[in-house]
There are 2 protein chains.
Amino acid sequence: MRPTEKKLAATLSQNGYKLTAQRRSVLGAIVSSHEHLTPAAVYERVKQDNPRVGLVTVYRTLELFSELGLICRVHGEGKSQSYTLAPIGHHHHMICSECGTVADFTDCDLSDLEERLSQETGFEIEGHMLEFYGRCSNCRSQVLSVTA
Amino acid sequence: MRPTEKKLAATLSQNGYKLTAQRRSVLGAIVSSHEHLTPAAVYERVKQDNPRVGLVTVYRTLELFSELGLICRVHGEGKSQSYTLAPIGHHHHMICSECGTVADFTDCDLSDLEERLSQETGFEIEGHMLEFYGRCSNCRSQVLSVTA
DNA sequence: ATGCTAAATGAAAATCATTTTCATTTAGAT
DNA sequence: ATCTAAATGAAAATGATTTTCATTTAGCAT
């Protein structure tokens with residue numbers, strides 16, 4: 001289940017936060033995009049919906065949503081943080097380096113590797129980050145149609 | 001083989017760069033540390049060796065070394081970039097969240113996962129990023145001895 | 001050894017993302 | 001309808017990184 005308006009309202013009130021127009025706009029901007037968006041990109045989209053929101057609010061809202069598990073951060077590549085919708089539970093991202101589309105996958109199964117590394121190095125492994133980079137099927141099929 | 005002064009001199013001249021005191025200092029700072037260091041941290045260390053180097057040069061040198069494959073970036077966690085020594089070839093990092101120590105490992109073997117994801121999603125996978133976070137054996141054994 | 005020139009450097013200023021501050025507005029409980 | 005803590009927006013502050021530009025220097029050519 002993707003976070004909808006109802007999900008947003010429920011999550012916010014469950015955690016003692018208020019449902020505001022700005023928060024609805026920010027969630028809307030992210031839900032309507034398959035790409036990972038930087039705060040600045042979210043801001044641009046949100047402004048079209050509601051010109052009165054400020055960039056600061058976007059930053060604050062993204063952080064809040066991230067804490068609440070509604071969205072999650074995408075790492076790698078660029079130099080500013082990016083966010084995308086969060087599916088439920090542990091998952092990872094495949095990111096298209098051409099169009100920025102993010103695809104999720106859940107079964108990373110690194111436990112064998114973790115165990116072996118743990119034994120070899122004495123590290124107690126508490127978490128990991130895994131991202132794949134490549135070109136999505138859409139971009140692969142459009143190789144010839146876009147000639148810069 | 002870890003990059004030594006000789007390796008540095010060879011790599012630089014092979015690529016048309018000059019060997020300077022600053023570059024030797026920066027490499028020295030990184031070689032002498034098992035942790036990943038931010039540019040600011042490298043700067044602090046370098047200054048002890050040679051007070052006349054500027055932070056800007058540290059930035060420039062880290063970027064150059066990174067291009068030349070002498071060092072590599074560590075991602076995740078903090079908000080500023082970090083660098084650590086680069087072993088030869090494809091590898092990944094395990095990072096101790098307590099002391100910052102970085103341990104390398106080379107055999108990530110994600111090919112099965114990559115192939116499956118590629119088939120399922122149509123992505124053409126070109127690269128990945130994998131980091132483990134945890135506590136190194138050293139920090140684990142010092143649980144009781146350091147009472148803040 | 002000496003001069004030459006492009007590369008490298010340092011200091012200051014510029015840029016860019018992000019955070020803080022604080023006065024004003026507002027959601028949602030009463 | 002009222003109230004109050006939470007939320008917001010604008011501006012300023014911060015912090016990391018990059019750019020600019022005048023000066024210095026490594027390493028080649030004498």
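Hydrogens, waters and symmetry mates play no part in the numbers below; they use all other heavy atoms, side chains included. Letters go in sequence order (proteins before strands), and every chain restarts at 1.
- Atom CG in A/L12 sits about 15 Å away from atom C1' in C/dT26, given to the nearest Å.
- With hydrogens and angles disregarded, no donor-acceptor distance shorter than 3.5 Å links the side chain of B/E131 to the backbone of B/V74.
- With salt bridges taken as basic N to acidic carboxylate O contacts below 4.0 Å, none links B/R24 and B/D49.
- In this structure, CD of B/E5 is placed 14 Å from P of D/dA26, rounded to the nearest angstrom.
- Checking the phosphate oxygens (OP1, OP2) of D/dT25, no side-chain nitrogen or oxygen of B/Q22 falls inside 4.0 Å.
- For the pair B/L55 CG and C/dA13 C1', the computed distance is 14 Å after rounding to whole Å.
- Side-chain proximity of A/T20 to the nucleotides D/dT17, D/dT8, D/dA10 is greatest for D/dT8.
- When rounded to the nearest whole Å, the span between CG of A/L27 and P of D/dA7 equals 16 Å.
- The side chain of B/R52 sits closest to D/dT25 out of D/dT25, D/dG27, D/dA11.
- Closest to the A/K18 side chain, of the nucleotides C/dT9, D/dT25, D/dA5, is D/dA5.
- Atom pair A/N50:CG and D/dG9:C1' shows a separation of 12 Å (rounding to whole Å applied).
- Listed candidates were C/dG28, D/dA7, C/dA11. Nearest to the side chain of B/V56 is C/dA11.
- With D/dT17, C/dG10, D/dT8 as the candidates, the nucleotide lying closest to the side chain of B/V53 is C/dG10.
- Residues B/D109 and B/S111 bring a donor and an acceptor atom of their side chains to less than 3.5 Å of each other.
- Around atom CD of A/E115, no more than 12 heavy atoms belonging to other residues, nucleotides or ligands sit under 6.0 Å away.
- Counting any heavy atom pair closer than 4.0 Å across all strands shown, B/R60 reaches a base atom.
- Note: CG (B/L64) to P (C/dA7) measures 13 Å, nearest angstrom.
- Each of D/dT8, D/dG27, C/dT9 was ranked by its minimum atom distance to the side chain of B/L19; first place goes to D/dG27.
- Annotation: of the two residues near DNA chain C, A/Y59 and B/G54, the 5′-most nearest-nucleotide partner is B/G54.
- Nucleotide D/dA10 holds its P atom 7 Å from the OH atom of A/Y43, rounded to whole Å.
- Surrounding CZ of A/R52 are at most 12 heavy atoms belonging to other residues, nucleotides or ligands under 6.0 Å away.
- Rounded to whole Å, the distance from OH on B/Y17 to P on C/dT9 is 12 Å.
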